[in-house]
Amino acid sequence: MSLVRVEHVFKDYRLGEQTVHALHDITWSIDAGVFLAISGPSGSGKTTLLNLIGCIDKPSSGKIYINEEDVSEKSPNELADLRSRSIGFVFQTFNLLPVLSAAENVEYPLLRRAEISSEERKQRVDYFLEIVGLAKFADHRPNQLSGGQRQRVAIARALAIKPAIVLADEPTANLDKATGREILSLMKQINRHLKTTFIFSTHDQKVIDRADRLVQMEDGCITAFGVRNETDKTWNLARVRPVADSENE
Ligand code: ADP
Ligand code: MG
């Protein structure tokens, strides 16, 4: 069973008089437990695809299944509920709430889960801040933290709901190289130990090379699927049809 299945998904945006074809006939499935990179130049559709998988936005046509459940049929409330239980988000610009402490930011997504007691919320906050190495910074506000520390808080916040999937849109793009590598290592450790599935977008080759699965995108299409060879660490790439073939409409 696939964790995520995308079938013939198209996404168009209306921009004034124009229509932007952001995604063109994407078909793809993702197994649970992978550490997967979506690579491609700016404008290739990475964020759009992550937003669809994350149920933040809906496809113009096509189907998306999460745990074999069709999410295209769900109401906004049902989607919010699904997100709050199953999907953690990490963003390029961290997106922490500036007036809340690190601990309160991590707790925040748990507040809409009525079944989680305040005691359990506190346990989860402590546990995940510890995992990201920030137990001592629980009371600090985002502006008292470095970029790398802010991204660690964001990762703890994503994990606090115990999601099936963490979606990270260019999580290292606003960090210096060394900090970006640390964040990737942290995500990888969590992937190994907690078995959380990570899907992250990037155009940094160093970040791509930390992944164990790869999807390459260009002009709204998937151009290759990659599986990393565990012994010599090279990529086995299966190319999909050339981009030009997809432009006959
Ligand atoms: P990436 O994340 O790979 O840079 P995006 O998914 O952000 O790519 O964008 C894919 C295409 O869709 C681009 O041409 C972009 O300009 C367009 N696009 C993205 N979001 C919107 C939007 N809200 N309205 C109109 N066009 C958009
Ligand atoms: Mg993007």
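When reading the values below, keep in mind they use all heavy atoms of this one structure, side chains included, and skip hydrogens, waters and symmetry mates. All figures in this text were calculated on a predicted structure; none of them were measured in a lab. Numbering of ligands and ligand atoms starts at 1, following listing order.
Not a single N/O/S atom of Gln92, whether from backbone or side chain, sits less than 2.8 Å from the Mg ion (ligand 2).
With hydrogens and angles left out, the side-chain atoms of Ser75 and Asn77 include no donor and acceptor closer than 3.5 Å.
At a threshold of 4.0 Å, the pair Glu73-Lys63 counts as salt-bridged, since one of the basic side-chain nitrogens sits closer than that to a carboxylate oxygen. A salt bridge is defined here as a Lys NZ or Arg NE, NH1 or NH2 lying under 4.0 Å from an Asp or Glu carboxylate O, and Glu17 with Arg14 fails to meet this definition. Under a 4.0 Å N-O distance rule, the pair Lys11/Asp57 qualifies as a salt bridge. A salt bridge links Lys188 with Asp212; the closest basic N to acidic carboxylate O contact falls under 4.0 Å.
Using the six-membered ring where Trp is involved, Trp28 and Phe225 have ring planes that are tilted, between 30° and 60° apart.
Within ligand 1, counting atoms from 1 as listed, the ones closer than 4.0 Å to a heavy atom of Ala22 are 11 (C), 12 (O). Near Ser42, meaning under 4.0 Å from one of its heavy atoms, ligand 1 places the atoms 4 (O). The contact set between ligand 1 and Val20, taken as ligand atoms under 4.0 Å from a residue heavy atom, comprises 12 (O), 14 (O), 17 (C). Taking every non-hydrogen atom of Ser44 and a distance limit under 4.0 Å, the qualifying atoms of ligand 1 come out as 1 (P), 3 (O), 8 (O).
Annotation: atom 8 (O) of ligand 1 to nearest protein heavy atom, Gly45 N, 3.1 Å. The protein non-hydrogen atom at the shortest distance from atom 7 (O) of ligand 1 is Thr47 CB, 3.8 Å. The protein atom (non-hydrogen) at minimum distance from atom 6 (O) of ligand 1 is Thr48 OG1, 2.5 Å. The single protein non-hydrogen atom nearest to atom 27 (C) of ligand 1 is Tyr13 CD1, 3.2 Å, given as residue, atom name and distance.
The closest approach between a heavy atom of Gly40 and any atom of ligand 1 is not below 4.0 Å.
Between the choices Pro41, Gly43, Gly220, the shortest heavy-atom distance to atom 11 (C) of ligand 1 belongs to Gly43.
For Gln18, the CD atom sits in a loose shell: 12 or fewer heavy atoms of surrounding residues, nucleotides or ligands are nearer than 6.0 Å. In Glu119, the CD atom is not crowded: 12 or fewer heavy atoms of neighbouring residues, nucleotides or ligands sit closer than 6.0 Å. Tyr65 OH: more than 12 foreign heavy atoms inside a 6.0 Å radius.
For atom 15 (C) of ligand 1, the nearest protein heavy atom lies 4.0 Å or farther away.
Considering backbone and side-chain N/O atoms, Lys46 comes within less than 3.5 Å of an N/O atom of ligand 1.
Contacts of Leu15 with ligand 1, taken as heavy-atom pairs under 4.0 Å, involve the side chain alone.
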